[in-house]
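Just so you know, these numbers come straight off a predicted model, no measurement behind them. These values consider heavy atoms only, across backbone and side chains, with no hydrogens, waters or symmetry-generated copies.
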Amino acid sequence: QQDNLLFLWSITVSIFGIGGLLGSSGSRYLTVKFGKKKCLLCNNVLMIVAASIMGCSKISQSFEMILIGRFMCGVSLCVPLHHQYVGEISPRKLRGFANSTSSFFWSLGKAIGQISGQRELLGSQSLWPMLMASCGLPALVQLVTLPFFPESPPYLLMHKGDQEGCKKAIRQLWGEGQHQAEIDDIMKEKATMKNTKILSVLELVKEPAFRWQLYMIVILTATIQLCGINAV
């Protein structure tokens, strides 16, 4: 029936955001506990599994597999690790540029997905499972290449206290040279964090000093949702 189809369609679309809420809520604990590199690897495995589940949904004649796959994609994509890891492993002079690439490639991926979803390409009745499974390809590439990269130097020094490991990671990333200034900056940040109380979401909402900044973020986020990007 039309009402049932509309309900299933709404659940299929919105369950991605539910998974994203779960993934973003646990991101801080996971990154501190296991490090950004390991979390990224787990994210890639989760995305590949989700892509495989969605790609096999037509053969299995199960729309529940699409729901499960989109939920897992939301958990994987909404753990905000990529820009953090890229920013922390980049040299200081390239850090701003490296952080901005995440937004660029996010938009580029959306554009490629919309183009690939046309009926003339992968949006046909016979090829749409390939479109659903295509999100696993970037995850597979990263899963293969990421083990050759070191863990984030700030994580090694600030959370693990491994100064030698931090220096080794910096030399691997930035080459031989004098990198003591960057290490000193990380140490200063570590000292600052010791004297800074990390607020929970509820404490952040109640804190008067951050109220106007919070209002601004909420308004900007809300207006983005109203600008038509979700319709695209």
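Counting all heavy atoms, side chain and backbone alike, I53 lies closest to G69 at CG2-N, 4.4 Å. A pairwise comparison of heavy atoms in K58 and S126 identifies NZ-CA, 3.6 Å as the closest pair. For the residue pair P129 and G55, the shortest heavy atom distance occurs at CB-O, 3.5 Å. In terms of heavy atoms, E151 sits closest to F34 at OE1-O, 4.2 Å. Residues P153 and I89 share a closest heavy-atom pair of CD-CG2, 4.2 Å. Shown here for S116 and L131, the closest heavy-atom pair between the two residues is CB-CD1, 3.9 Å.
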- What do the steps show when you test W128 against S57 for side-chain contact (heavy atoms from CB on, under 4.5 Å), and what is the final call? CA-CA 10 Å; W128 68 262; S57 60; 3.6 Å; yes

### Query
When you look at I115 and L121, which way does the side-chain contact (heavy atoms from CB on, under 4.5 Å) test go after all the steps?
CA-CA 8 Å; I115 295 171; L121 297 175; 4.0 Å; yes

**Asked** C135 and C73: side-chain contact (heavy atoms from CB on, under 4.5 Å), yes or no, with the steps?
**Response** CA-CA 9 Å; C135 61; C73 284; 4.1 Å; yes

* To do: Please step through side-chain contact (heavy atoms from CB on, under 4.5 Å) for the pair Q84 and Y155, ending with a clear verdict.
  => CA-CA 11 Å; Q84 294 181 23; Y155 171 78; over 6 Å; no

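By the criterion of side-chain heavy atoms lying less than 4.5 angstrom apart, applied directly or through intervening Ile, Leu, Val, Met, Phe, Trp or Tyr residues, L108 is not grouped with V86; the two fall into different hydrophobic clusters. Criterion: ILVMFWY side-chain heavy atoms under 4.5 Å apart, direct or through other members. Under it, V45 and L140 are part of a common hydrophobic cluster. Both I15 and V49 are members of a single hydrophobic cluster when ILVMFWY side chains are connected at heavy-atom separations under 4.5 Å. Following chains of ILVMFWY side-chain contacts shorter than 4.5 Å, one cannot reach I68 starting from M132, and the two form parts of different hydrophobic clusters. Under the 4.5 Å side-chain heavy-atom criterion for ILVMFWY residues, a single connected hydrophobic cluster contains both V144 and L40.
Side-chain contact check for F71 versus I66: every heavy-atom pair is 4.5 Å or farther apart. Within the 4.5 Å cutoff, no side-chain heavy atoms of P138 are placed close to those of V141. Using a 4.5 Å cut-off on side-chain heavy atoms (C-beta onward), T12 and F63 make no contact. Using a 4.5 Å heavy-atom threshold, the side chains of M216 and Q213 count as separate. Annotation: side chain of I48 is in contact with side chain of L143 (closest heavy-atom distance under 4.5 Å).
When each of R95, K37, K36 is checked for a salt bridge (Lys or Arg N to Asp or Glu O under 4.0 Å) with E88, only K36 meets the rule.
Judged purely by atom type and a 3.5 angstrom limit, S76 has no side-chain atom pairing as donor or acceptor with the backbone of M72.
Here the CD1 atom belonging to I18 is positioned 8.5 Å from the CG atom belonging to L21, to the nearest 0.5 angstrom. Considering CG of L67 and CE of M54, their distance stands at 11.0 Å, rounded to 0.5 Å. Taking CD1 of I11 as the start and CD of E64 as the end, the distance is 12.5 Å to the nearest 0.5 Å. Interatomic distance, CG of L30 versus SG of C39, reported as 5.0 Å (0.5 Å rounding). Within the model, atoms NZ of K33 and NE2 of H159 stand 13.0 Å from one another, a figure rounded to the nearest 0.5 Å. Taken from CE in M130 to OG in S124, the straight-line distance is 9.5 Å, to the nearest 0.5 Å.
Annotation: K168, atom NZ; neighbour count of heavy atoms from other residues, nucleotides and ligands within 6.0 Å does not exceed 12.
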